[in-house]
Amino acid sequence: MKVDFNIILIGFMGTGKTAVGKRLATLLNKDFYDSDQEVEAVTSMTISKLFNKYGEVRFRSEENLAIKRLVKKENCILATGGGFILDKKTIKLLAEKGIVICLSARPDVIFERVKRRNNRPLLSKGNLYQTILDLMEEREELYNYADYCIDTSDMDFQEIIDKIISILQDHKNTNEDIPLSKEI
Ligand code: S3P
């Protein structure tokens, strides 16, 4: 299938945006970008180090700049960090640049997926399960900005990929009927 729009993956930590994005990029012959990797490359620091040394505000500002740079690319898949949606202006910008797909999962599933990793500063303090619940509640409404949302809780990796491919196919079919504004 040829998909000529950008695909932007958003969603909570541990929903598989990076792994899914990489696989889709291979399948659809697109370039893959990840906002966290971009931030790490630009600052020459891991996300944890950046948080520890300069705090969340500085991280968010680097993340915002990274996403604004990456979203200008064509024919790509962009996986975003779970918290970038806190900046509503950037979400709107992304929505203009491609199809936005949100991956979600129940808190217990997220807990199982992230509990053995310590690379996410926001999840490294206090009670992990409670922190997940609190952050999810705080962000729930913001993830709804996506064009499509997939609850991955009971899906395996291949099912997630298949679901996205079918969404893209539908999206493509629907939008083929709509003339591009420059042709009107
Ligand atoms: C964050 C999510 C992380 C990373 C940072 C903050 C968040 O990315 O950007 O630790 O605020 O949800 P992933 O969603 O890829 O884990």
Side-chain angles (χ1 to χ4, degrees), residues 6-25 31-71 73 76-91 93-95 98 100-146 148-153 155 157 160-161 164:
N6 287 346
I7 300 164
I8 297 139
L9 297 173
I10 71 170
F12 201 78
M13 293 170 267
T15 48
K17 294 163 295 197
T18 302
V20 165
K22 277 186 186 161
R23 179 79 188 119
L24 279 176
D31 294 326
F32 173 75
Y33 300 99
D34 177 291
S35 63
D36 283 345
Q37 282 168 14
E38 172 79 1
V39 168
E40 292 189 334
V42 166
T43 60
S44 304
M45 273 182 256
T46 62
I47 301 294
S48 297
K49 189 160 180 204
L50 185 58
F51 259 79
N52 288 340
K53 213 164 167 201
Y54 297 107
E56 183 174 352
V57 174
R58 168 72 187 275
F59 166 74
R60 294 290 168 214
S61 126
E62 294 291 349
E63 178 179 52
N64 196 281
L65 291 173
I67 289 177
K68 283 187 177 144
R69 260 192 318 272
L70 294 176
V71 84
K73 311 249 183 208
C76 74
I77 303 208
L78 170 60
T80 59
F84 100 89
I85 38 106
L86 295 167
D87 175 10
K88 289 188 191 151
K89 275 196 220 128
T90 316
I91 314 182
L93 181 73
L94 289 193
V100 181
I101 300 179
C102 177
L103 302 183
S104 72
R106 292 190 305 270
D108 56 306
V109 175
I110 299 283
F111 177 83
E112 288 304 321
R113 288 183 190 166
V114 302
K115 70 180 181 193
R116 272 181 221 93
R117 308 203 57 180
N118 63 351
N119 60 341
R120 293 183 172 100
L122 292 181
L123 300 180
S124 64
K125 288 182 209 105
N127 177 292
L128 176 59
Y129 191 68
Q130 191 56 48
T131 307
I132 292 171
L133 288 179
D134 292 346
L135 284 173
M136 275 190 162
E137 192 184 335
E138 195 181 304
R139 296 173 176 187
E140 197 179 5
E141 215 179 288
L142 300 172
Y143 291 126
N144 289 338
Y145 271 94
Y148 300 90
C149 212
I150 303 172
D151 183 348
T152 65
S153 303
M155 294 168 106
F157 189 69
I160 302 170
I161 300 291
I164 295 180

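First listed ligand is number 1; within each ligand, the first listed atom is number 1. This structure is a prediction, so every number in the text was calculated from the model and none was measured. Both backbone and side-chain heavy atoms feed into the values below; hydrogens, waters and symmetry mates do not.
- Distance alone, capped at 3.5 Å, places no donor-acceptor pair between the N6 side chain and the L78 backbone.
- Residue R139 places a heavy atom under 4.0 Å from ligand 1.
- Counting heavy atoms under 4.0 Å from ligand 1, residue R117 does not touch it at all.
- Each of the atoms 10 (O) of ligand 1 lies under 4.0 Å from some heavy atom of P121.
- Distances from ligand 1 to the non-hydrogen atoms of L122 include at least one value under 4.0 Å.
- Considering only non-hydrogen atoms, atom 14 (O) of ligand 1 lies nearest to K17 out of K17, Q37, E56.
- The main-chain N or O of F157 is never found under 3.5 Å from a side-chain atom of R23 such that the two would form a donor-acceptor pair.
- Between R60 and ligand 1 there is a heavy-atom distance shorter than 4.0 Å.
- In this structure, the separation between OH on Y33 and OG on S35 is 13.5 Å, given to the nearest 0.5 Å.
- A distance of 13.0 Å separates CD1 in I132 from CZ in R106, rounded to the nearest 0.5 Å.
- From the protein, the heavy atom lying nearest to atom 4 (C) of ligand 1 is D36 OD2, 3.3 Å.
- Interface atoms of ligand 1 facing R120, defined by a heavy-atom separation under 4.0 Å, are 16 (O).
- Counting heavy atoms closer than 4.0 Å to ligand 1, residue F59 contributes side-chain atoms (C-beta onward) but none from N, CA, C or O.
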*Determine, step by step, whether L122 and F51 satisfy the side-chain contact (heavy atoms from CB on, under 4.5 Å) criterion, reporting the C-alpha distance in whole Å, the side-chain angles of both residues, the deciding distance to 0.1 Å, and the verdict.*
CA-CA 9 Å; L122 292 181; F51 259 79; 3.8 Å; yes

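- Side-chain contact annotation: N144 with E140, donor-acceptor N/O pair under 3.5 Å absent.
- Residue-environment remark: CZ (R69) exceeds the threshold of 12 foreign heavy atoms within 6.0 Å.
- When only non-hydrogen protein atoms are considered, atom 7 (C) of ligand 1 lies nearest to G83 N, 3.3 Å.
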